[in-house]
Number of protein chains: 2
Amino acid sequence: MISKKTKYAINALVFLAKREGQGPIVISEIAEKEHIPRKFLESILLNLKKAGILASKKGKGGGYYLLQNPDEINLADVMRLFDGPIAFLPCVTYKYYERCEECKDEETCGIRDVFFEVKKKTVELLKKASLSEIIKRENRLISLL
Amino acid sequence: MISKKTKYAINALVFLAKREGQGPIVISEIAEKEHIPRKFLESILLNLKKAGILASKKGKGGGYYLLQNPDEINLADVMRLFDGPIAFLPCVTYKYYERCEECKDEETCGIRDVFFEVKKKTVELLKKASLSEIIKRENRLISLL
DNA sequence: ATAAAGTCTATAGATTTGGTAGACTATTAT
DNA sequence: ATAATAGTCTACCAAATCTATAGACTTTAT
């Protein structure tokens with residue numbers, strides 16, 4: 001399960017993507033509309049800014065806005081940013097690689113082999129899931145009602 | 001990431017599967033050979049027994065052994081047993097379903113739509129990953145060395 | 001100046017994780 | 001019978017992580 005932090009981040013990003021081009025949006029508005037605790041959201045947005053996904057403007061008329069394109073920002077990156085690795089085992093991650101202590105031989109580990117395949121497929125799907133894609137899906141679901 | 005508990009459980013099960021038909025194996029042997037803290041392993045095996053996957057025999061000559069077939073026991077079931085749902089969101093799980101508090105409309109949620117697809121594919125792969133399959137993969141990897 | 005809005009630091013309760021200790025019960029060999 | 005073996009049950013605990021909250025501080029537009 002993803003953490004609330006990640007869930008909040010995704011919701012905030014989708015919210016901002018829907019308002020793209022409308023200038024900065026203040027934290028409070030995102031918090032209210034998306035039902036996210038204000039102070040908690042602050043630190044989340046700050047992280048997204050540090051990651052180069054969002055930018056902010058201070059003072060009156062300020063707020064947050066997307067720095068990257070909605071079709072560049074994807075769930076794999078956002079999830080990794082807040083929850084760390086997506087894989088089920090440290091030994092099948094790329095950026096967070098770590099050997100399993102209990103493991104006898106990584107090269108021939110059947111468990112690792114399975115989890116590598118799972119991770120590969122998962123990341124593939126999550127990489128495709130950009131903000132644009134999420135909004136596209138939402139519109140499709142609405143049209144089907 | 002899966003918990004150590006789940007990882008230990010999987011390793012213990014694969015160990016037992018490799019020794020199938022050789023009678024009960026004592027906890028201490030599994031703990032030593034698989035580098036799992038003895039006392040921790042006890043509770044894990046007990047859970048697997050309660051779940052109907054393992055059975056045990058007490059007293060001298062006792063120990064644990066597989067109750068189900070190695071090709072029936074799969075990673076999806078084991079992971080669910082110890083770590084709960086496999087999905088990234090509570091709203092796309094079957095047995096652990098829960099509505100997302102922040103969510104406005106589940107029916108048209110694009111995020112949910114993505115995570116449903118991810119979960120579906122993941123569970124599909126993990127269901128196929130039985131103990132037999134894991135051992136088969138291990139043998140294949142060894143043969144390739 | 002002043003109000004608006006993001007930034008930074010610190011703290012804290014709740015839950016989960018990973019593990020330990022020890023008494024108790026059932027089984028088997030002698 | 002009884003001693004040794006081996007699983008079972010209950011309780012506990014330290015550390016880490018998660019989910020926040022509080023408040024002081026900085027920057028900017030008007």
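All figures in this text were calculated on a predicted structure; none of them were measured in a lab. Throughout, protein chains are lettered first and strands after them, A, B, ... in sequence-line order, and every chain is numbered starting at 1.
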**Request:** Mark up nucleotides 16-30 of chain D, 5' to 3', with B wherever a protein heavy atom is under 4.0 angstrom from a base atom, S wherever such an atom reaches only the sugar-phosphate, and - elsewhere.
**Result:** ---SBBBB---BBS-
**Member of B:Lys136, B:Arg137, B:Arg140 meeting the salt bridge (charged side-chain N to carboxylate O under 4.0 Å, His left out) criterion with A:Asp113** =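 When B:Lys136, B:Arg137, B:Arg140 are each tested with A:Asp113, the salt bridge (charged side-chain N to carboxylate O under 4.0 Å, His left out) holds only for B:Arg137.
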**Request:** Please state how far atom OH in A:Tyr64 lies from atom C1' in C:dA5, giving the value in whole angstrom units.
**Result:**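 Result: 10 Å.
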**Request:** Only pairs at least two apart or in different chains count here, so list each ring pair (Phe, Tyr, Trp, His ring centres under 6.0 Å) that has a residue in residues 105-145 of chain A.
**Result:**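 Listed once each, the pairs are A:Phe88-A:Phe115.
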**Item:** Overall bend - the helix from C:dA1-D:dT30 to C:dT30-D:dA1, comparing terminal axes fitted on five pairs, nearest 10 degrees
**Value:**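 Inter-axis angle at the termini of the helix from C:dA1-D:dT30 to C:dT30-D:dA1: 10°.
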**Asked** How long is the line joining CG of B:Leu48 and C1' of D:dG7, in whole Å?
**Response**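 Checked: the CG to C1' distance equals 14 Å.
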**Message:** What is the separation between atom CG on A:Asn47 and atom P on C:dT9, rounded to the nearest whole Å?
**Reply:**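 For the pair A:Asn47 CG and C:dT9 P, the rounded distance is 13 Å.
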**Prompt:** Which parts of residues 12-25 of chain B get close to DNA chain D, meaning a heavy atom less than 4.0 angstrom away?
**Reply:**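 Heavy-atom cutoff 4.0 Å gives B:Ile25.
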**Asked** Taking atom C1' of C:dG19 as reference, at what distance in whole Å does atom CD of A:Glu102 sit?
**Response**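 Atom CD in A:Glu102 sits about 14 Å away from atom C1' in C:dG19.
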**Message:** Distance check needed: D:dG7 C1' versus B:Ile44 CD1, whole Å only.
**Reply:**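 Rounding to the nearest Å, CD1 of B:Ile44 and C1' of D:dG7 are 15 Å apart.
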**Request:** Not counting sequence neighbours, which residues clear salt bridge (charged side-chain N to carboxylate O under 4.0 Å, His left out) with B:Glu32? List them please.
**Result:**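 Expected list: none.
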**Asked** Quick one: salt bridge (charged side-chain N to carboxylate O under 4.0 Å, His left out) partners of B:Glu20, sequence neighbours excluded?
**Response**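 Here no residue qualifies.
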**Asked** Which heavy-atom pair separates B:Ala31 from B:Leu41 by the least distance, and what is that distance?
**Response**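 Taking B:Ala31 first and B:Leu41 second, the nearest heavy atoms are N-CD2, 3.5 Å.
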